[in-house]
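Please read these numbers as outputs of a predicted model, since none were measured by experiment. Any value given below was found using the heavy atoms of this structure, including those in side chains, with hydrogens, waters and symmetry copies removed. Positions are given from 1 along the sequence.
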Amino acid sequence: MQLPSELQSHSQTAVESLLNQFPDVFQSWTQTRTDELKYIAGLSQFVVEVLSRDEHLAQQLPDMLSEEQRSEHYRVRLAALLANCSDEMSGHRVLRQFRNREMAYIAWRDFTQVWPLEQSLEHLSSLAEAMIFETYRWQYEACCKEWGTPCNEQGEAQPMLIIGMGKLGGGELNFSSDIDLIFTYPENGETQGARRSIANAQFFTRLGQRVIKALDQQTFDGFCYRVDMRLRPFGESGPLVMSYAALEDYYQEQGRDWERYAMIKARVMGSEMYPEYQELRQMLRPFVFRRYIDFSAIQSLRRMKSMISSEVRRRGLSNNIKLGAGGIREIEFIAQVFQLIRGGREPSLRGRSLLQTLQAIKELQQLEEKEVDNLTQSYLFLRRLENLLQAMADKQTQTLPDSEVEQLKLAVAMGYQDWPSLVEDVKRYMAQVHVVFEQLIGDDEEEAGTIEPFYHELWDMAHKPDVIEHILQTDITSDEPSSLAKTIIQFKKDLAKKTLGPRGREVLNRLMPKVFHAIFSHKDAKFGLSRVLHLLHKIVTRTTYLELLEEHPAALVQLVRLCTASPMISEQLGRYPILLDELIDPQQLYNPVPLESYKTELRDYLARIPEDDMEQQMEALRQFKQICILRIAAADIAEVLPVMKVSDHLTYLAEAIVESVVHQAWQQMAEKYGEPTHIKDREGKGFAVVGYGKVGGWELGYNSDLDIVFMHDCPVSAYTDGKKEIDGRQFYLRLAQRIIHIFSTRTASGILYEVDTRLRPSGASGLLVSQTEAFDEYQHNDAWTWEHQALVRARMIYGDTPLQQAFAKTRSDIMCLGRDEAKLKKDVVDMRLKMRDHLGGKKAGRFMLKQDPGGITDVEFLAQYLVLNYSHQKPKLTRWSDNVRIFESMMAQGVLEEEQAMALTHAYTTLRDEIHHRNLLNLDADVAEDKYQREREVVIQVWNQWLG
């Protein structure tokens, strides 16, 4: 064993330092051991450091090295040392010294190449197991003294089982590996034998914490192992220790594919625990190994493959012998593919050791003999390289070194003359692995090329903030990576609290990369992400809806588009997932029901529900409304509908619903009381609904209430003709109450509309239903100016011809009254100021679109003033109840100049358009102070001209 000249100076300095430190000790070494020391000192900083810190090791190492096998005595030797420890600190010291001494022995034999790789891995794994299990026994005893012995209901002492995962479980631990553990215990109960008993769960949690601290904590002597508990159920958020029953429940209900994958290698620490472990292993076997040949695993394995590839790409791991293409991870992956798919049927594939599994794959002829031989050779070569790389400085790395000195050290340790020769072989071995890996788990034909790998990674790595931020910043080029990363990570954390079956989780894993792709393809992804994820969180336990989105890419695109544009829509969809069906057909989605068809469509929609099933009828009304609003909003967002048309659709929809509600309420009343006798010989119900405000002016918005007044034309003498006879007017009162009940009852799909009836004669103190003559009389004799203003924007939205005629006559007569212009002006201005004081100017630096000067209400008041002031001269002004057509009439009748009328109309529709879009975004009806200056100036100027 000769070092090249470039490394001899390193060796000389290190050896001289050791000889100066312990001159007597090293003089007693044989020449062979001293030569070996000179060779190893040039390669391993770790061995030199351990010797320099530990004179006892320097004395004992030659004797230790004369033993070819030390692993079978690890536990006995360590137990004896721990038995003499009187406190935790001395125990920690013993553990660290024991670990370093035995690791120096293993490293020495690795560098001098006196044993095969398998023996090195076996020693590393046995050492870890001995240290874990003896630490547990030492601490178990100490905990029992403090809190008593944990027992089950029968009084039998309960142990804690420590399950080693990954390479530790497989008996193939590498030199500087983390150890992945899961803690469990057989049965619940309480401790016995102490002054105060505690629950077993509490006892084992404290014990587990002590075991982790003993192994993981950094002290003056270093540490033993980095302990990773994240493979336990629920990961970091789960309890540290769980009972068998809780463990079984978790894996049956919530176990993920990667947990099946990890559980293959699970092995209990300490041979005395094997009998205890058999029961648990039998319990978990159906979770890990399916009874049938499990080709469904292919899909999840593809995802894991894409995670590996993404990680390699993202971190630029071309020189990483574990994670790089063809590295150790790919060999492990290949072996576990066969274990997951066929392990349920083939017992020989259930082994924990990778080399055993490769042998079983060869015997079962699952791969070509040559391929298995190549994989085995590559594995032995790469694992030996990994061990030596880590043993150089006891660092957890799999990345080949960059510095020339380190490269030369590694090449020499592997038996090569120079670095390029080693790299050539590394590439050859990794290439032959990658060929098998690619063939075995090729890309899904349909998926390949459609969605970039980083979208899969965005989902799979959602527990690692730095990874997610990196993807968002570099691959997706988002300008707000940290806040978007938080949203994604929180979403996945929140999902852990939901009960998703295996089917739901599989669908979600396929769906989420597509969801991210759809979201980040949109220019406003920063708004869309939180809204879409909020919606998915609401529906995630309903697998059918996830499947709908997964199977219909167009529906997913529509969903993202609509939610990104409107939180109102995302909230609606989250609250009422039945609406998701509407997304399937984009043609239908962006084409709302034709205006004239709302009534017939609603009748058809309700026809499938029995008329006497009130609850279902009410639910169906609400669903119909939501479906229609979704379509109107979709067309609005797609800019297929201008604002006027949006309001037309919302108004016609409301009218159809009013008609249907009246019909339903009438049926219920008539069934109970019969019908009023005065309508016997005529068509209709002798009943009407008058719409005021937005519904009266065909100007409904997405969130508008219905301002309505009920009327009838029932004479005092009329009664109902049913078994339970009541006064006709009493019948109409109860009918109106029933209508309000149908509108405002909250069902699973919410309420139908907020209904406001305060505009009726005498307001809230007046009768709920007005008789036509009484209504006319009130308007002529008792109504205030503001009630006449309200009448300008009123029209009958449901009613028989006689009532329509009576209402139209009253409205026309009232509006055509000759008025004192000064009084009218004063009344209108006073009312406007009163409203402004009450409702306007609430936010500093903001313009309230409706109530502030120059806003929508000013335009409405102007229209009402002009109609009331000029209709006695120009009765045609009374024809329309909507502002836009009122201004057209003003222009035609010469009340307003064309330019003024057009400017008012433009200002009015512009501000209304803004309110519509703010409704869709769930925003208040206010904007920055400097917006819409021109429109507001126009309105204020016209206001000052007429009412100033």
Side-chain angles (χ1 to χ4, degrees), residues 1-74 77 81 96-117 119-124 127 175-176 221-222 384-395 401 403-419 422:
M1 291 183 296
Q2 189 64 41
L3 286 173
S5 55
E6 299 95 317
L7 298 179
Q8 282 174 8
S9 59
H10 287 273
S11 167
Q12 198 174 344
T13 308
V15 172
E16 279 174 11
S17 166
L18 287 171
L19 292 173
N20 291 336
Q21 204 169 348
F22 309 126
D24 299 340
V25 174
F26 288 106
Q27 277 173 6
S28 66
W29 280 33
T30 64
Q31 188 59 47
T32 307
R33 291 299 179 218
T34 306
D35 289 345
E36 286 176 359
L37 173 64
K38 287 175 183 171
Y39 174 73
I40 290 167
L43 303 176
S44 174
Q45 180 192 341
F46 165 68
V47 173
V48 173
E49 281 179 4
V50 172
L51 282 168
S52 70
R53 284 204 310 265
D54 191 343
E55 187 176 359
H56 178 80
L57 174 64
Q59 289 167 345
Q60 296 299 314
L61 190 57
D63 291 340
M64 289 167 69
L65 290 167
S66 64
E67 294 178 61
E68 281 189 26
Q69 177 78 10
R70 284 181 66 79
S71 58
E72 59 202 39
H73 304 300
Y74 282 152
R77 287 170 177 160
L81 291 168
R96 281 148 186 73
Q97 286 182 343
F98 187 81
R99 182 253 182 202
N100 287 335
R101 287 168 187 170
E102 295 302 337
M103 291 293 269
Y105 164 85
I106 294 167
W108 193 288
R109 293 181 75 81
D110 279 350
F111 282 113
T112 54
Q113 298 183 31
V114 294
W115 62 4
L117 173 76
Q119 221 175 329
S120 171
L121 300 181
E122 192 272 320
H123 272 70
L124 288 165
L127 175 61
F175 196 86
S176 299
D221 299 292
R384 187 162 161 261
L385 181 64
E386 177 187 44
N387 259 16
L388 290 168
L389 174 61
Q390 295 185 350
M392 281 161 58
D394 193 15
K395 285 216 175 92
S403 97
E404 286 182 17
V405 173
E406 297 298 306
Q407 287 175 348
L408 184 59
K409 283 182 184 180
L410 188 56
V412 170
M414 284 291 288
Y416 286 80
Q417 292 296 308
D418 53 37
W419 178 248
L422 171 62

Visitor: Evaluate the criterion side-chain contact (heavy atoms from CB on, under 4.5 Å) for residue pair Tyr39 and Asp35; output intermediate values, then yes/no.
Guide: CA-CA 6 Å; Tyr39 174 73; Asp35 289 345; over 6 Å; no

Visitor: Could you check whether Glu16 and Asn20, counting side-chain N and O atoms only, form a donor-acceptor pair closer than 3.5 Å?
Guide: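 Not at all, the side chains of Asn20 and Glu16 share no donor-acceptor pair under 3.5 Å.
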
Visitor: Is there a side-chain contact (heavy atoms from CB on, under 4.5 Å) between Asn387 and Leu121 once you walk through the steps?
Guide: CA-CA 9 Å; Asn387 259 16; Leu121 300 181; 3.8 Å; yes

Visitor: Without swapping roles, check the side chain of Arg96 against the backbone of Gly222 for a donor-acceptor pair under 3.5 Å.
Guide: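 Yes.
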
Visitor: Would you compute the distance between atom CE of Met392 and atom CG of Asp110 and round it to the nearest 0.5 angstrom?
Guide: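 Met392 CE to Asp110 CG: 13.0 Å, rounded to 0.5 Å.
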
Visitor: Do Thr13 side-chain atoms and Ser9 backbone N/O form a donor-acceptor pair below 3.5 Å?
Guide: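 Yes, Thr13 side chain to Ser9 backbone: donor-acceptor pair under 3.5 Å.
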
Visitor: Could you pull out the closest heavy-atom pair between Gly42 and Leu3, with the gap in Å?
Guide: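 Taking every non-hydrogen atom into account, CA-CD1, 4.0 Å.
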
Visitor: Could you check whether atom CD of Glu404 has more than 12 heavy atoms from other residues, nucleotides or ligands sitting under 6.0 Å from it?
Guide: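 Not buried by this count: 12 neighbours or fewer within 6.0 Å.
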
Visitor: Between Glu67 and Arg77, is there a side-chain N and carboxylate O pair less than 4.0 Å apart?
Guide: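 Judged by the 4.0 Å cut-off on N to carboxylate O distance, Glu67 and Arg77 do form a salt bridge.
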
Visitor: Can you find a heavy atom in the side chain of Arg101 that is under 4.5 Å from one in the side chain of Asp54?
Guide: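 SC-SC contact between Arg101 and Asp54 confirmed.
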
Visitor: Does any non-hydrogen side-chain atom of Gln21 lie less than 4.5 Å from one of Glu55?
Guide: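 No, their side chains stay 4.5 Å or more apart.
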
Visitor: Measure the spacing between CD of Gln59 and CE of Met64 and express it to the nearest 0.5 Å.
Guide: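 If we round to the nearest 0.5 Å, Gln59:CD and Met64:CE are 12.5 Å apart.
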
Visitor: State, with a plain yes or no, whether a side-chain heavy atom of Trp419 is found less than 4.5 Å away from one of Leu410.
Guide: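 The answer is yes, as the side chains (C-beta and beyond) meet within the 4.5 Å cut-off.
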
Visitor: Hey, does Lys38 have a side-chain heavy atom less than 4.5 Å from the side chain of Gln8?
Guide: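 No, too far: nothing below the 4.5 Å cut-off.
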
Visitor: By ring-ring contact (aromatic ring centres under 6.0 Å, His included), which residues pair with Phe111, not counting sequence neighbours?
Guide: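 Phe111 satisfies ring-ring contact (aromatic ring centres under 6.0 Å, His included) with no other residue.
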
Visitor: Looking only at heavy atoms, which two atoms of Arg33 and Trp108 are closest? And how far apart?
Guide: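 Nearest pair, atom of Arg33 first, then Trp108: O-CZ2, 3.8 Å.
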
Visitor: Could you tell me how the ring of Tyr105 sits relative to the ring of His123: parallel (under 30°), tilted (30 to 60°) or perpendicular (over 60°)?
Guide: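 Because their plane-to-plane angle lies in the 30° to 60° range, the rings of Tyr105 and His123 count as tilted.
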
Visitor: Would you name the heavy atoms of Ala107 and Val47 that are closest together and state the gap between them?
Guide: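 Shortest heavy-atom separation between Ala107 and Val47 comes out as CB-CG2, 3.8 Å.
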
Visitor: Looking at side-chain heavy atoms only, is the closest gap between Phe22 and Leu51 below 4.5 Å?
Guide: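 A side-chain contact under 4.5 Å is absent here.
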
Visitor: Less than 4.5 Å apart, any side-chain heavy atom of Leu124 and any of Phe175?
Guide: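 Result yes, sub-4.5 Å side-chain heavy-atom pair found.
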
Visitor: Out of curiosity, Arg70 CZ to Glu72 CD, how far, rounded to the nearest 0.5 Å?
Guide: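 Going from CZ on Arg70 over to CD on Glu72, the span is 11.0 Å.
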
Visitor: For Leu43 versus Lys409, what's the shortest heavy-atom pair and its separation?
Guide: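 Where Leu43 meets Lys409 most closely, the heavy atoms are CD2-O, 3.5 Å.
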
Visitor: Kindly indicate whether the side chain of Asp63, heavy atoms from C-beta on, has any atom under 4.5 Å from the side chain of Gln60.
Guide: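 Yes - at least one pair of side-chain heavy atoms lies under 4.5 Å apart.
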
Visitor: Identify the heavy atoms of Val50 and Asn100 that sit nearest to each other, and give their distance.
Guide: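 Result for this residue pair: CG1-O, 3.8 Å.
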
Visitor: What are the two closest non-hydrogen atoms of Ser176 and Asp394, and how far apart are they?
Guide: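 Shortest heavy-atom contact: OG-OD1, 2.8 Å.
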
Visitor: If you measure from CD on Gln31 to CG on Leu37, what distance do you get to the nearest 0.5 Å?
Guide: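 Rounded to the nearest 0.5 Å, the CD-CG separation comes to 11.0 Å.
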
Visitor: Could you tell me the separation between the CD atom of Gln390 and the OG atom of Ser44, rounded to the nearest 0.5 Å?
Guide: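 Interatomic distance, Gln390 CD to Ser44 OG, rounded to 0.5 Å: 12.0 Å.
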
Visitor: Any chance you could measure Gln12, atom CD, to Leu7, atom CG, to the nearest 0.5 Å?
Guide: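 So the gap between those two atoms works out to 13.0 Å.
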
Visitor: Would you sort out whether Phe26 and Val15 count as a side-chain contact (heavy atoms from CB on, under 4.5 Å), showing the intermediate values?
Guide: CA-CA 10 Å; Phe26 288 106; Val15 172; over 6 Å; no

Visitor: Might you work through the side-chain contact (heavy atoms from CB on, under 4.5 Å) test for Thr112 and Leu65, ending with a clear yes or no?
Guide: CA-CA 11 Å; Thr112 54; Leu65 290 167; over 6 Å; no

Visitor: Going by distance alone, is a donor N or O of one side chain under 3.5 Å from an acceptor N or O of the other, for Glu68 and Trp115?
Guide: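 No, no side-chain donor-acceptor contact under 3.5 Å.
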
Visitor: Please tell me if the side chains of Val25 and Leu18 come closer than 4.5 Å, counting only heavy atoms from C-beta onward.
Guide: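 When only atoms from C-beta onward are counted, Leu18 and Val25 do not touch, as no gap falls below 4.5 Å.
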
Visitor: Does Pro401 offer a backbone N or O that forms a donor-acceptor pair with the side chain of Gln407 under 3.5 Å?
Guide: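 Yes: the side chain of Gln407 pairs with the backbone of Pro401.
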
